[in-house]
Amino acid sequence: MITKRIIPCLDVKEGRVVKGVQFVELRDAGDPVELAEFYDQEGADELVFLDISASHEGRETMVDVVERVAAKLAIPFTVGGGINTLEDMKRILRAGADKVSLNTAAVKRPDLITEGAEFFGSQCIVVAIDAKYDEELGSWRVYTHGGRNATDYEVIAWAQEVVERGAGEILLTSMDKDGEKSGFDLALTKAVSEAVSVPVIASGGAGNADHFVDAFVEGKADAALAASIFHYKETSVKEVKDYLRKKGVNVR
């Protein structure tokens, strides 16, 4: 039985961790280095660091902050935002990241996924998919640039394509649920989890420990990511893991 992972997420803007609702109304949540160290000690399985305005502002990820965060961590560490080339990936992995997360750049140039997978191995390449339900499409649409731009891609088809191109993992964020704390989008998570052969990280909507149970049992997710409920101490990684164990979910 595969162990399920709990992953705190640091959305970083201008060197600070921020959190919003449906990708807007951002408020400060603290220093990324301090929070990273805290989650490492708390028993988080991994940490995701997203430079959320890098793609929108057309600049590279903050390598200095990545280096400082990596120096404090003993757990795997994924970094995304503003990674557009193989050279960008090298720089981030050299700075201490274990994996890179591609979103906007992968949609713009899907060959980048393959190039990264061939050079570093699929295990280093995470493709982040920001998904929003689209009535006309009758399914979920892929968004880029930190949720600002709609694309022509349908989420399930795009998820399958990125795996074919070499992605080793999918970070799936429901924009409809982001920051709402009403639970993960289980229909979306399950649809993608069943459509691909790589691990899927559910993201967007975590409000309590029950939501994590739902993501793993109903949503078939391999990992679940949360930000605000951990940053603002509404619950903790340890409390969530203890609850999951009680409910028979296999966690580290």
Side-chain angles (χ1 to χ4, degrees), residues 1-11 17 19 29 32 34-50 69-70 72-80 97-99 101 122-129 159 167-174 177-252:
M1 206 165 130
I2 295 166
T3 48
K4 304 295 188 181
R5 292 169 290 149
I6 303 296
I7 307 176
C9 179
L10 307 180
D11 289 331
V17 178
K19 193 64 198 107
E34 285 172 17
L35 277 169
E37 193 170 18
F38 170 72
Y39 289 130
D40 191 70
Q41 292 164 353
E42 263 258 290
D45 296 301
E46 293 186 25
L47 191 71
V48 168
F49 172 112
L50 300 175
V69 169
K72 299 286 184 188
L73 292 178
I75 54 175
F77 176 37
T78 300
V79 176
D98 299 279
K99 307 177 199 177
S101 171
S122 285
Q123 79 287 347
C124 283
I125 309 300
V126 179
V127 171
I129 301 176
E169 194 163 40
I170 289 172
L171 169 52
L172 179 67
T173 301
S174 164
K177 291 285 198 169
D178 178 68
E180 295 283 347
K181 298 183 190 172
S182 58
F184 295 95
D185 188 328
L186 300 177
L188 168 68
T189 307
K190 182 172 187 249
V192 175
S193 295
E194 289 181 341
V196 299
S197 56
V198 302
V200 173
I201 305 167
S203 165
N208 59 47
D210 270 316
H211 294 155
F212 288 86
V213 177
D214 294 341
F216 295 136
V217 177
E218 281 180 62
K220 310 274 181 82
D222 298 273
L225 178 145
S228 53
I229 61 165
F230 293 146
H231 300 340
Y232 301 120
K233 311 282 194 288
E234 290 164 36
T235 186
S236 69
V237 172
K238 186 182 179 306
E239 284 167 358
V240 169
K241 284 190 165 188
D242 288 345
Y243 187 78
L244 286 166
R245 282 188 201 98
K246 277 186 199 149
K247 293 287 183 179
V249 177
N250 196 18
V251 290
R252 288 192 181 97

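These numbers were taken from a predicted model, which means no experiment stands behind them.
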Side-chain donor/acceptor of Arg5 to backbone N/O of Val251, under 3.5 Å: no
Gap between atom CG of Asp178 and atom OG of Ser228 - 0.5 Å precision: 8.0 Å
For Ala70, all residues meeting side-chain contact (heavy atoms from CB on, under 4.5 Å), sequence neighbours excluded: Phe77
Closest approach of Ala74 to Asp40 (non-hydrogen atoms, all atoms of both residues): N-OD1, 3.0 Å
Flag if over 12 foreign heavy atoms under 6.0 Å of NZ, Lys233: yes
Minimum heavy-atom distance Ala202-Phe184, with the two atoms named: O-CE2, 3.5 Å
Closest contact, heavy atoms only, Lys247 versus Asp210: CE-OD1, 4.4 Å
Inter-residue atom distance Asp185.CG - Thr173.OG1, 0.5 Å rounding: 11.0 Å
Nearest heavy atoms of Pro199 and Asp222, plus distance in Å: CA-OD2, 3.2 Å
Neighbour count >12 (heavy atoms, 6.0 Å) for atom NZ, Lys72: no
Salt bridge Asp242-Lys238, side-chain N to carboxylate O under 4.0 Å: yes
Shortest non-hydrogen separation from Leu50 to Cys9 and the atoms involved: CD1-SG, 4.0 Å
Atom pair CD1 (Ile229) and NE2 (His211), whose distance is rounded to the nearest 0.5 Å: 9.0 Å
Shortest non-hydrogen separation from Ala44 to Ile75 and the atoms involved: O-CG2, 3.4 Å
Minimum side-chain heavy-atom gap Leu244-Ile6 below 4.5 Å: yes
Beyond-backbone contact of Tyr39 with His231, side-chain heavy atoms, under 4.5 angstrom: yes
Separation between CD1 of Ile170 and CD1 of Ile125, rounded to the nearest 0.5 Å: 13.0 Å
Which residues share a side-chain contact (heavy atoms from CB on, under 4.5 Å) with Ala36, sequence neighbours left out: Leu10, Leu47, Val69, Leu73
Exam field: side chain Lys241 to backbone Gly43, donor-acceptor pair closer than 3.5 Å: yes
Note, Val200 side chain near Lys220 side chain (heavy atom, < 4.5 Å): no
Sub-4.5 Å side-chain heavy-atom contact between Ile2 and Asn250: no
Heavy atoms from other residues, nucleotides or ligands near NZ of Lys190 exceed 12 (cutoff 6.0 Å): no
Spatial distance of atom CG (Leu186) from atom CZ (Phe216) [nearest 0.5 Å]: 11.5 Å
Inter-residue atom distance Phe230.CZ - Glu42.CD, 0.5 Å rounding: 8.0 Å
